[in-house]
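This report concerns only the one structure given below.
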Number of protein chains: 2
Amino acid sequence: MSELSRIVGMSAPSVSERVRRLEAIGVIRGFTLDVDTRPLGYQVRAMVRIRPLPGKLHLVEKLIQERPEFIECDKITGDDPFLVRLVVHSIEEMDDVLEALSEHAVTSTAVIKGTSVKRRLPPL
Amino acid sequence: MSELSRIVGMSAPSVSERVRRLEAIGVIRGFTLDVDTRPLGYQVRAMVRIRPLPGKLHLVEKLIQERPEFIECDKITGDDPFLVRLVVHSIEEMDDVLEALSEHAVTSTAVIKGTSVKRRLPPL
DNA sequence: TCTGAAAATTCCAGGCT
DNA sequence: AGCCTGGAATTTTCAGA
């Protein structure tokens, strides 16, 4: 807050109050860490499209939510209802994780080779 | 830090030193905000697969990086080299953004209907 | 990793435009 | 409404062990 107040040229209490208001109305959802999972052993990342078999939509969604290797899951339009971000220690582990879904869903996996744009905010 | 020190039952200086070390070795890349862009007017989110036309790979990557509505871009294996996250104010604006790529790439768009798993950390 | 003191910051009250 | 000043409480930082 004090650093922010210096940057924007306002008093610290005023900046603090503005931030508190942004939290209150939900613009700021919270304060988080940007953690690099590679040094923790998660060497492989992938984006996986998941298409549940007929009648298995909710079951598959629950399985995704319960598997912590799926670190993000969006529900999208199109042939594949789910698009998930997966992090694993190895290709073998990736296979294990997806195998666990194989009787309930069809998956299409794209390994992440690199990142062109790191998560950022659009213009405000 | 003081709250953390209470949670883990260590002194504040020790916790502070551990966090500093995690930053130094790169496990903690930084401290960020979780901002909800909807109240800022970005009502529509989409995941877009982008396949540059022959010879246009680097041009397209640059165009993606320069368009702030693309808030994330991973380079992936498979038919479509790029997978981007797009936020826009409206479907019309989405069309405008993708139109700007149309002479250099083929795109496949999936609108995000909801989120099953919000970005989280895998088990540590 | 801790303790203890010094420095800095955050919080809170009140008042101003 | 929103911002500021000034003092109190808390936190962070810095030393030494």
Side-chain angles (χ1 to χ4, degrees), chain A residues 1-45 67-69 71-72 85 87-90 93 115 117-124, chain B residues 1-45 66-72 85-94 96-97 112 114-115 117-124:
Chain A
M1 298 299 177
S2 62
E3 191 176 344
L4 246 189
S5 72
R6 280 189 288 270
I7 292 171
V8 303
M10 280 178 30
S11 71
S14 301
V15 170
S16 206
E17 173 63 12
R18 281 191 174 193
V19 171
R20 195 201 58 72
R21 275 203 308 270
L22 287 170
E23 284 186 76
I25 65 177
V27 173
I28 295 178
R29 271 192 291 247
F31 302 87
T32 62
L33 295 182
D34 179 9
V35 172
D36 183 1
T37 53
R38 269 191 311 257
L40 302 175
Y42 292 97
Q43 309 270 354
V44 180
R45 293 179 298 154
R67 258 285 175 175
E69 288 87 357
I71 62 168
E72 186 171 39
R85 184 177 297 267
V87 299
V88 286
H89 294 85
S90 63
E93 189 178 40
T115 300
V117 176
K118 278 206 47 173
R119 194 67 82 94
R120 64 185 178 190
L121 282 177
L124 305 177
Chain B
M1 297 301 176
S2 62
E3 191 176 345
L4 246 188
S5 72
R6 280 189 288 269
I7 292 171
V8 302
M10 280 178 29
S11 71
S14 302
V15 169
S16 207
E17 172 63 13
R18 281 191 174 192
V19 171
R20 196 201 57 72
R21 276 205 304 272
L22 287 170
E23 284 186 76
I25 66 177
V27 173
I28 296 177
R29 272 192 290 245
F31 302 87
T32 62
L33 294 183
D34 181 8
V35 172
D36 184 1
T37 53
R38 269 190 311 256
L40 303 174
Y42 291 97
Q43 309 268 355
V44 181
R45 294 179 298 153
E66 288 170 355
R67 257 286 174 174
E69 288 86 357
F70 295 128
I71 62 168
E72 186 172 39
R85 184 178 296 268
L86 175 62
V87 299
V88 287
H89 294 86
S90 63
I91 298 289
E92 290 73 35
E93 188 178 40
M94 184 169 81
D96 293 342
V97 172
I112 296 175
T115 299
V117 177
K118 277 205 48 172
R119 193 68 80 96
R120 65 185 177 189
L121 282 177
L124 306 178

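Lettering of chains follows the sequences in order, A, B, ..., and the numbering in each one begins at 1. The analysis underlying the following values was restricted to heavy atoms, covering all of them including side chains, and did not include hydrogens, waters or symmetry mates.
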- Query: B/R6 side chain: which of C/dT9, D/dT11, D/dC4 is closest?
  - Reply: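 Ranking C/dT9, D/dT11, D/dC4 by closest atom to the B/R6 side chain puts D/dT11 first.
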- Nucleotide nearest A/S14 when distance is taken to its side chain, options D/dT11, D/dC3, C/dT1: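 Selected nucleotide (nearest to the side chain): D/dC3.
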Close side-chain approach of [X] and [Y], heavy atoms under 4.5 Å:
X	Y	result
A/K118	A/D34	yes
B/V15	B/R18	no
B/R85	B/F70	no
A/V35	B/V27	yes
A/P39	B/I25	no

- Expected output: side-chain B/S5 to main-chain B/S2 donor-acceptor under 3.5 Å: yes
- Note every stem involving DNA chain C: at least three consecutive Watson-Crick or G-U wobble pairs, i with j then i+1 with j-1, with both distances under 3.5 Å.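 DNA chain C forms these stems: C:1-16 with D:2-17.
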Atom-pair distance ([atom1] on [X]; [atom2] on [N]), nearest Å:
X	N	atom1	atom2	result
B/M10	C/dC2	CE	C1'	10 Å
A/R21	D/dG2	CZ	C1'	7 Å
A/I7	C/dT9	CD1	P	13 Å
A/L4	C/dT9	CG	P	13 Å
A/R18	D/dG2	CZ	P	9 Å
A/L22	D/dA1	CG	C1'	15 Å

- Message: Check this one for me: any side-chain N or O of B/R20 less than 4.0 Å away from OP1 or OP2 of D/dC14?
- Response: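 No.
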- Item | Base-contact (B) and sugar-phosphate-only (S) positions in nucleotides 10-17 of chain C, heavy-atom cut-off under 4.0 Å, - elsewhere | SSB-----
- Message: Could you check whether atom CZ of A/R38 has more than 12 heavy atoms from other residues, nucleotides or ligands sitting under 6.0 Å from it?
- Response: no
- Salt-bridged, A/R20 to A/E17, with N to O below 4.0 Å? yes
- Task: Run through A/I71, A/V88, A/T115 and flag the one making a side chain to side chain contact (heavy atoms under 4.5 Å, CB included) with A/R45.
- Result: A/T115
